[in-house]
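Have a look at the structure below, then the notes.
None of the values given here were measured: they were computed from a predicted structure.
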Amino acid sequence: ISGLPEDTPLLFYRKGYAKVQQYKKLQVYKALIDRKPSMILLAEIKDAHATSLSGSPFGSFLLLQDVSVETVKKFLAYITGHLRRKMVKTLDIVQPSPIFGPFPRLEAFQFFHLAHQDLNQHIDLRSNFESSLHSMEARKLKAAIKNGIECLEEDHAALPQAHQFIAECREQNGLKINISLDKLQALFKTFPDTYKIFSAYQGDQRLATTITCQVTPKIAYYYLPATAEASKHLSPMVPLLHHIASHYKLSGANTLDLGIASVEGKKQEGLFTFKERMGAIHTHKSTYRLQL
């Protein structure tokens with residue numbers, strides 16, 4: 001990762017983030033215009049397959065300057081030539097939701113084919129959050145006050161307990177948490193102002209927890225949400241998500257990215273409906289594949 005900049009407009013392309021992820025075979029591709037970076041693509045190689053960017057919500061070409069389609073094509077030709085020499089057979093590029101802006105549209109390049117398309121949801125923090133709520137969620141928000149549910153940002157020292165809680169909640173649903181405590185602690189240490197813990201409590205009892213991170217100055221990411229099975233009847237994620245949205249709106253962000261509500265294109269109905277009732281707008285996040 002020696003060629004990776006210390007700082008970029010997006011968290012997932014920063015050197016510190018790549019160090020924490022401990023990619024074994026990370027290729028850093030940069031295009032320069034007038035000796036200044038114009039594009040970056042990161043690709044991790046496993047066996048004969050390359051992905052941009054595994055371990056992150058998305059990869060794709062990060063544009064740092066205005067570039068033409070022809071310039072992107074030349075950059076891609078260089079990358080594919082390099083990957084072929086390494087005996088790589090396929091390249092997957094995970095596009096972000098359109099909310100992230102400056103990424104080239106890969107559908108313009110006929111040699112890519114769409115591997116799958118996921119549903120991505122986000123909350124526009126510039127709108128009135130309460131007026132966007134479904135009536136059912138609005139009632140749950142009012143009930144949370146009556147039920148004595150308190151939402152707060154926790155100190156980083158609470159991360160071990162938060163991680164354990166999230167892991168236990170996932171296990172209750174037959175799932176595994178997809179990041180170790182050590183790696184999550186490293187991200188908090190590397191980016192102390194970027195990663196946060198938000199939780200909902202009833203007295204001393206933790207009901208729900210979510211990790212968030214600031215991907216760009218204007219976009220925050222809702223990551224690792226979890227609600228205890230025994231607390232679901234209280235719907236603590238409703239007031240917690242309201243608290244998180246309010247926090248980031250006050251901090252100057254305009255978007256809260258709630259992530260995908262599908263797995264390799266297959267819609268997760270319950271998750272999608274909950275986010276939609278919380279006022280979320282949906283877009284698409286596409287994964288393109290190139291046969292080398």
Side-chain angles (χ1 to χ4, degrees), residues 1-33 37-64 67 69 71-97 100 102-118 120 176-180 182-184 186-187 190-191 213 215 221 223 259-260 262-265 284-292:
I1 59 173
S2 58
L4 197 57
E6 291 289 349
D7 194 21
T8 65
L10 277 152
L11 172 67
F12 310 129
Y13 295 77
R14 294 175 191 162
K15 182 180 288 187
Y17 187 87
K19 284 182 179 179
V20 172
Q21 295 299 326
Q22 297 178 341
Y23 297 116
K24 291 183 179 178
K25 292 184 179 179
L26 181 67
Q27 305 297 309
V28 178
Y29 299 105
K30 291 191 297 184
L32 305 179
I33 295 178
S38 62
M39 287 180 284
I40 298 174
L41 183 79
L42 309 179
E44 185 184 20
I45 298 174
K46 289 184 179 179
D47 299 322
H49 181 70
T51 304
S52 180
L53 186 61
S54 58
S56 303
F58 57 83
S60 198
F61 298 86
L62 176 63
L63 303 186
L64 302 174
V67 295
V69 172
T71 301
V72 178
K73 284 182 178 179
K74 289 179 182 178
F75 186 39
L76 184 58
Y78 168 78
I79 292 166
T80 54
H82 182 264
L83 290 173
R84 287 190 186 106
R85 289 192 293 274
K86 287 186 170 291
M87 307 304 289
V88 174
K89 302 297 183 185
T90 57
L91 168 63
D92 278 3
I93 293 183
V94 184
Q95 288 282 83
S97 161
F100 284 94
F103 287 86
R105 296 179 59 185
L106 296 186
E107 58 268 29
F109 304 100
Q110 296 179 355
F111 34 79
F112 276 104
H113 80 267
L114 183 64
H116 61 265
Q117 192 171 61
D118 283 308
N120 201 90
K176 289 185 178 180
I177 191 169
N178 60 3
I179 186 170
S180 69
D182 287 346
K183 187 174 284 189
L184 195 55
L187 286 170
T190 305
F191 304 105
C213 62
V215 183
Y221 181 52
Y223 175 51
I260 58 174
S262 59
V263 178
E264 294 189 353
H284 289 96
K285 191 168 82 168
S286 303
T287 297
Y288 289 91
R289 178 162 293 166
L290 175 62
Q291 299 290 342
L292 300 171

I want to check something: taking the side chain as every heavy atom from C-beta on, are [X] and [Y] in contact at a cut-off of under 4.5 Å?
X      : Y      : value
Val215 : Phe12  : yes
Ile260 : Ser97  : no
Leu106 : Leu290 : no
Ser56  : Tyr17  : yes
Pro104 : Val69  : no
Leu184 : Ile177 : no
Phe61  : Val67  : no
Thr71  : Met39  : yes

| request: Hey, can you tell me if Phe58 and Phe100 have their rings parallel, tilted or perpendicular (30° and 60° cut-offs)? | output: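 Phe58 vs Phe100 ring planes: tilted.
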| query | Which class fits the ring pair Phe112 and Tyr288: parallel under 30°, tilted 30 to 60°, perpendicular over 60°? | reply |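 Perpendicular, since the angle between the ring planes exceeds 60°.
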Distance in Å, [X] [atom1] paired with [Y] [atom2], rounded so as to fall on 0.5 Å steps:
X      : Y      : atom1 : atom2 : result
Ile40  : Tyr29  : CD1   : OH    : 14.0 Å
Gln95  : Asp118 : CD    : CG    : 13.0 Å
Asn178 : Lys183 : CG    : NZ    : 9.5 Å
Thr51  : Leu91  : OG1   : CG    : 7.5 Å
Leu187 : Lys19  : CG    : NZ    : 13.5 Å

| task | Please name all residues satisfying salt bridge (Lys or Arg N to Asp or Glu O under 4.0 Å) with Asp92, sequence neighbours left out, ordered by chain then number. | result |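 Residues passing salt bridge (Lys or Arg N to Asp or Glu O under 4.0 Å) with Asp92: Arg289.
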| Passes side-chain contact (heavy atoms from CB on, under 4.5 Å), Leu62 versus Phe103? Steps please. | CA-CA 6 Å; Leu62 176 63; Phe103 287 86; 4.1 Å; yes
| field | Chi angles and distances behind the side-chain contact (heavy atoms from CB on, under 4.5 Å) call for Leu76, Leu41 | value | CA-CA 9 Å; Leu76 184 58; Leu41 183 79; 5.6 Å; no
| field | Nearest heavy-atom neighbours spanning Phe191 and Arg14 | value |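 Closest approach of Phe191 to Arg14: CE2-CD, 4.2 Å.
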| request: Determine, stepwise, if the pair Leu292 / Lys89 fulfils side-chain contact (heavy atoms from CB on, under 4.5 Å). | output: CA-CA 5 Å; Leu292 300 171; Lys89 302 297 183 185; 5.7 Å; no
Flag, side chain of [X] to backbone of [Y], donor-acceptor distance under 3.5 Å:
X      : Y      : answer
Asn120 : His284 : no
Lys285 : Pro57  : yes
Ser52  : Ile93  : no

| request: Say whether Gln117 and Ser286, considering side chains only, have a donor N or O and an acceptor N or O under 3.5 Å apart. | output: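 On atom types as modelled, these side chains qualify, holding a pair under 3.5 Å.
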| message | Under the criterion side-chain contact (heavy atoms from CB on, under 4.5 Å), I'd like the reasoning laid out for Gln27 against Lys86: C-alpha separation, chi angles, the key distance, then a yes or no. | response | CA-CA 11 Å; Gln27 305 297 309; Lys86 287 186 170 291; 3.6 Å; yes
| Over 12 foreign heavy atoms within 6.0 Å of NZ, Lys25 |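 Atom NZ in Lys25 is not packed in, count stays at 12 or less.
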